[in-house]
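Keep in mind that this is a model prediction, so the values were computed, not measured.
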Amino acid sequence: MKDKRITELLGIKFPTFQGAMTGVSDHRLAGAVSSAGGLGIIASSGLSAEELRAEIRAVRRMTSQPFAVNLMLRYASCSWWRTIFLLLV
């Protein structure tokens with residue numbers, strides 16, 4: 001029997017995680033992967049809080065399936081994190 005813990009935990013069909021690649025992993029790729037049953041991931045490196053908000057909203061328009069956001073901790077300021085938290089709540 002196949003182990004389905006990760007797919008059940010994340011609410012995805014396939015145990016496939018898209019890599020968060022700066023400059024490539026935007027809403028189009030993340031939305032397509034999530035729509036296909038994997039876990040699409042938006043790369044946030046180099047994006048302002050408003051740009052990331054737009055990417056998140058674009059994925060939400062594309063699919064109702066789960067997706068993730070890769071956040072770069074070492075470059076974030078306190079105000080940036082506060083904004084990100086408010087976007088995701």
Side-chain angles (χ1 to χ4, degrees):
M1 185 166 136
K2 292 183 181 178
D3 189 347
K4 296 183 177 183
R5 287 181 289 180
I6 196 70
T7 56
E8 290 172 356
L9 176 68
L10 297 174
I12 58 178
K13 185 175 180 181
F14 304 109
T16 304
F17 291 44
Q18 171 220 316
M21 303 165 282
T22 300
V24 176
S25 300
D26 63 5
H27 70 275
R28 294 169 293 204
L29 181 57
V33 170
S34 289
S35 292
L39 184 68
I41 304 173
I42 298 170
S44 68
S45 180
L47 300 179
S48 68
E50 196 52 48
E51 289 168 327
L52 182 55
R53 173 180 276 162
E55 289 292 313
I56 291 169
R57 288 179 174 166
V59 173
R60 287 182 175 159
R61 284 191 300 272
M62 290 179 69
T63 184
S64 61
Q65 300 302 309
F67 66 95
V69 177
N70 184 42
L71 298 172
M72 300 295 290
L73 298 176
R74 66 182 177 183
Y75 299 117
S77 67
C78 289
S79 62
W80 192 87
W81 277 110
R82 193 170 24 252
T83 303
I84 296 302
F85 178 75
L86 293 173
L87 289 174
L88 301 177
V89 174

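- Phe14 pairs by the side-chain contact (heavy atoms from CB on, under 4.5 Å) definition with Thr16, not counting sequence neighbours.
- Grouping the Ile, Leu, Val, Met, Phe, Trp and Tyr side chains by contacts below 4.5 angstrom, directly or via other members, places Leu39 apart from Ile42.
- In terms of the side-chain contact (heavy atoms from CB on, under 4.5 Å) criterion, residue partners of Ser25 (sequence neighbours excluded) are, by chain and number, Gln18, Met21, Leu29, Ala43.
- For Arg61, the side-chain contact (heavy atoms from CB on, under 4.5 Å) partners two or more places apart in sequence, or in a different chain, are Arg57, Ala58.
- Here Glu55 pairs with His27 under the side chain to side chain donor-acceptor pair (under 3.5 Å) rule; sequence neighbours left out.
- Note on residues 4-13: pairs passing salt bridge (charged side-chain N to carboxylate O under 4.0 Å, His left out), not counting sequence neighbours, are Asp3-Arg5.
- Using a 4.5 Å cut-off on side-chain heavy atoms (C-beta onward), Pro66 and Leu10 make no contact.
- Sorted by first and then second residue, the salt bridge (charged side-chain N to carboxylate O under 4.0 Å, His left out) pairs with a member in residues 19-36 read Asp26-Arg28; sequence neighbours excluded.
- Taken from OG in Ser44 to CD in Glu51, the straight-line distance is 11.0 Å, to the nearest 0.5 Å.
- Ser34 contributes a side-chain N or O that, together with a main-chain N or O of Gly40, makes up a donor-acceptor pair within less than 3.5 Å.
- Remark: Ile41 CD1 to Phe67 CZ distance equals 11.5 Å, nearest 0.5 Å.
- Distance check: Leu71 CG to Leu47 CG gives 10.0 Å after rounding to the nearest 0.5 Å.
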